[in-house]
Amino acid sequence: MSNQTTVTEFFLLGFSDIQELQILHFVVFLVIYLAALIGNFLIITSVALDHHLHTPMYFFLVNLSILDLGSISVTIPKSMTNSLMNTKSISYPGCVTQVFFFLFFIGAECAFLSVMAYDRYAAICFPLHYRMIMSRGTCAQMAAGSWVSGFLYSVLHTGNTFRLPFCHSNVVDQFFCDIPQLLKLSCSDTYLNKVVVVLFGVCLALGCFVFIIVSYIQIFSTVMRIPSMQGRRKAFSTCLPHLVVIGLFFGTGSFVYMRQTSMSSSFWDLLASVLYAVLPPLSNPIIYSLRNKEIREALADFHHDIILVAHTSKHNAERLEKVIRRIRQAGPTDKAKE
């Protein structure tokens, strides 16, 4: 026990030690980060400004966009800063904060995807009772429950991980602080911690996934009973973006954690983690924008309003400039008459 030293910082895995490649990494991540910020911000703004989109489905979509903004903001900016400053370090409190918020956003997003599946189930299987089932109070309770579940999931895993002493090393084989990699650095027996991580992770992910699958089985059986082909297409079109997002979220998550349990190279682990941390927040706005007619129309209206405001502001500025010019021209004439 006397040989143990207190870890005050960790060193994250970099993409390259060559300065030119570090700058390239910074630029690529900056473009991805700005694209994710703009895409999710446009979704949030469009839904907030268009009263036609004030429905349960888009209420949950706004929450999903907020979670995407949070999850990508936890990991990408620090990696960009390290590349720009030619460093790999992150403080101990910074690592704790990164783990907590990343798990918080990921856990809440998993819960929200389940809630959105239930929303589609209620809308398609019980259309006449949809407003009563998905009332404002019910939606608020579901949203609050999803946020709280993400918080509790994060508190459990973060506390369970950082109560351990770290003495083997302080080099994290990941571009952000991640629990499986941190457990490898502990000098105590981590078997129980690994069991807790796997058990609760599987319970959350598998529970959400099974709930989503059961919901969509009911949805598909209902849709197939719709007599008209147009009705079936309309029903499927409301579910398709959500299904793609679910596949992306669970697919990338499963892939990255299977890579971490295998004897694979750090490069491929790093690439898998980038896909997991970056791809869903970047892709979700694109998926919902391309596959959802109402979102596309709201974005078009929002773009039209911005152009209209800019044109009106320019026109008012020109009119004000003309008035000022006339006042200036009238001033010397009045003095000459006196």
Side-chain angles (χ1 to χ4, degrees), residues 6-7 9-10 12 60 63-64 66-75 78 90-118 140-168 170 172-212 246 249-261 269 272-273 276-277 280-281:
T6 303
V7 174
E9 65 177 357
F10 294 96
L12 303 175
F60 296 131
N63 281 269
L64 192 68
I66 294 172
L67 291 170
D68 285 337
L69 286 175
S71 64
I72 198 170
S73 296
V74 168
T75 57
K78 179 58 180 175
I90 182 172
S91 65
Y92 187 94
C95 189
V96 175
T97 303
Q98 200 173 60
V99 168
F100 173 80
F101 280 105
F102 186 73
L103 291 178
F104 172 46
F105 291 128
I106 292 299
E109 183 164 348
C110 184
F112 266 107
L113 289 175
S114 302
V115 169
M116 293 172 76
Y118 178 77
Q141 290 174 3
M142 287 181 171
S146 298
W147 284 98
V148 170
S149 64
F151 175 79
L152 294 177
Y153 178 76
S154 179
V155 167
L156 173 68
H157 284 305
T158 305
N160 187 48
T161 300
F162 286 97
R163 70 178 180 82
L164 299 173
F166 297 99
C167 58
H168 286 166
N170 63 343
V172 181
D173 288 333
Q174 187 64 277
F175 81 98
F176 65 96
C177 288
D178 195 22
I179 287 181
Q181 301 300 332
L182 287 170
L183 291 179
K184 296 178 182 179
L185 308 181
S186 177
C187 47
S188 63
D189 185 11
T190 61
Y191 175 77
L192 183 60
N193 296 77
K194 292 177 181 178
V195 169
V196 171
V197 169
V198 172
L199 182 63
F200 281 90
V202 168
C203 285
L204 177 67
L206 189 61
C208 292
F209 188 72
V210 169
F211 182 85
I212 291 169
I246 289 170
F249 179 82
F250 286 102
T252 53
S254 302
F255 178 70
V256 69
Y257 282 102
M258 281 192 295
R259 292 291 307 182
Q260 289 184 0
T261 56
D269 290 340
S273 299
Y276 178 53

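On a predicted model such as this, the values are computed, not experimentally measured, just so you know.
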Can you measure from [atom1] ([X]) to [atom2] ([Y]) and round to the nearest 0.5 angstrom?
{"X": "F10", "Y": "Q174", "atom1": "CZ", "atom2": "CD", "result": "14.0 Å"}
{"X": "L12", "Y": "D173", "atom1": "CG", "atom2": "CG", "result": "10.5 Å"}
{"X": "I90", "Y": "K78", "atom1": "CD1", "atom2": "NZ", "result": "5.5 Å"}
{"X": "L182", "Y": "K184", "atom1": "CG", "atom2": "NZ", "result": "10.5 Å"}

**Message:** Is it the case that atom OH in Y153 sees more than 12 heavy atoms from other parts of the structure closer than 6.0 Å?
**Reply:**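 Correct, the count exceeds 12.
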**Asked** Which atom pair, heavy atoms only, marks the closest approach of F249 to Y276?
**Response**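 Scanning both residues, the minimum pair turns out to be O-CE1, 4.4 Å.
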**Prompt:** Taking all atoms of both residues into account, what is the closest heavy-atom pair of A205 and F250, and its distance?
**Reply:**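 For A205 and F250, the tightest heavy-atom pair comes out as O-CE2, 3.6 Å.
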**Request:** Please test V115 against N63 for side-chain contact (heavy atoms from CB on, under 4.5 Å), starting from the C-alpha separation and ending with a verdict.
**Result:** CA-CA 11 Å; V115 169; N63 281 269; over 6 Å; no
Is the shortest side-chain heavy-atom distance between [X] and [Y] below 4.5 Å?
{"X": "F112", "Y": "M142", "value": "no"}
{"X": "L185", "Y": "V172", "value": "yes"}
{"X": "D68", "Y": "I72", "value": "no"}

**Request:** Please assess T158 against I179 for the test side-chain contact (heavy atoms from CB on, under 4.5 Å), listing each intermediate value before the final yes or no.
**Result:** CA-CA 8 Å; T158 305; I179 287 181; 5.6 Å; no
**Request:** Given side-chain contact (heavy atoms from CB on, under 4.5 Å), test I66 with W147 step by step and report yes or no.
**Result:** CA-CA 11 Å; I66 294 172; W147 284 98; 4.0 Å; yes
**Message:** Which residues pass the side-chain hydrogen bond (donor to acceptor under 3.5 Å, both in side chains) test with S114, not counting sequence neighbours?
**Reply:**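 Residues passing side-chain hydrogen bond (donor to acceptor under 3.5 Å, both in side chains) with S114: none at all.
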Using distance only, find each side-chain donor-acceptor pair of residues 94-111 under 3.5 Å and give its atom names and separation, not counting sequence neighbours.
residue	atom	partner	partner atom	Å
T97	OG1	P93	O	2.8
Q98	OE1	C177	N	2.8
Q98	NE2	V74	O	3.1

**Request:** Determine the interplanar angle of the F166 and Y92 rings, folded into 0 to 90°, and report it as parallel if under 30°, tilted if 30 to 60°, perpendicular if over 60°.
**Result:**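 Plane angle over 60°, so perpendicular.
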**Asked** Between S73 (side chain) and L69 (backbone), is there a donor-acceptor pair under 3.5 Å?
**Response**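 Checked: pair present.
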**Prompt:** Any donor and acceptor pair, going by atom type alone, linking the side chain of S149 with main-chain N or O of S146 inside 3.5 Å?
**Reply:**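 Yes.
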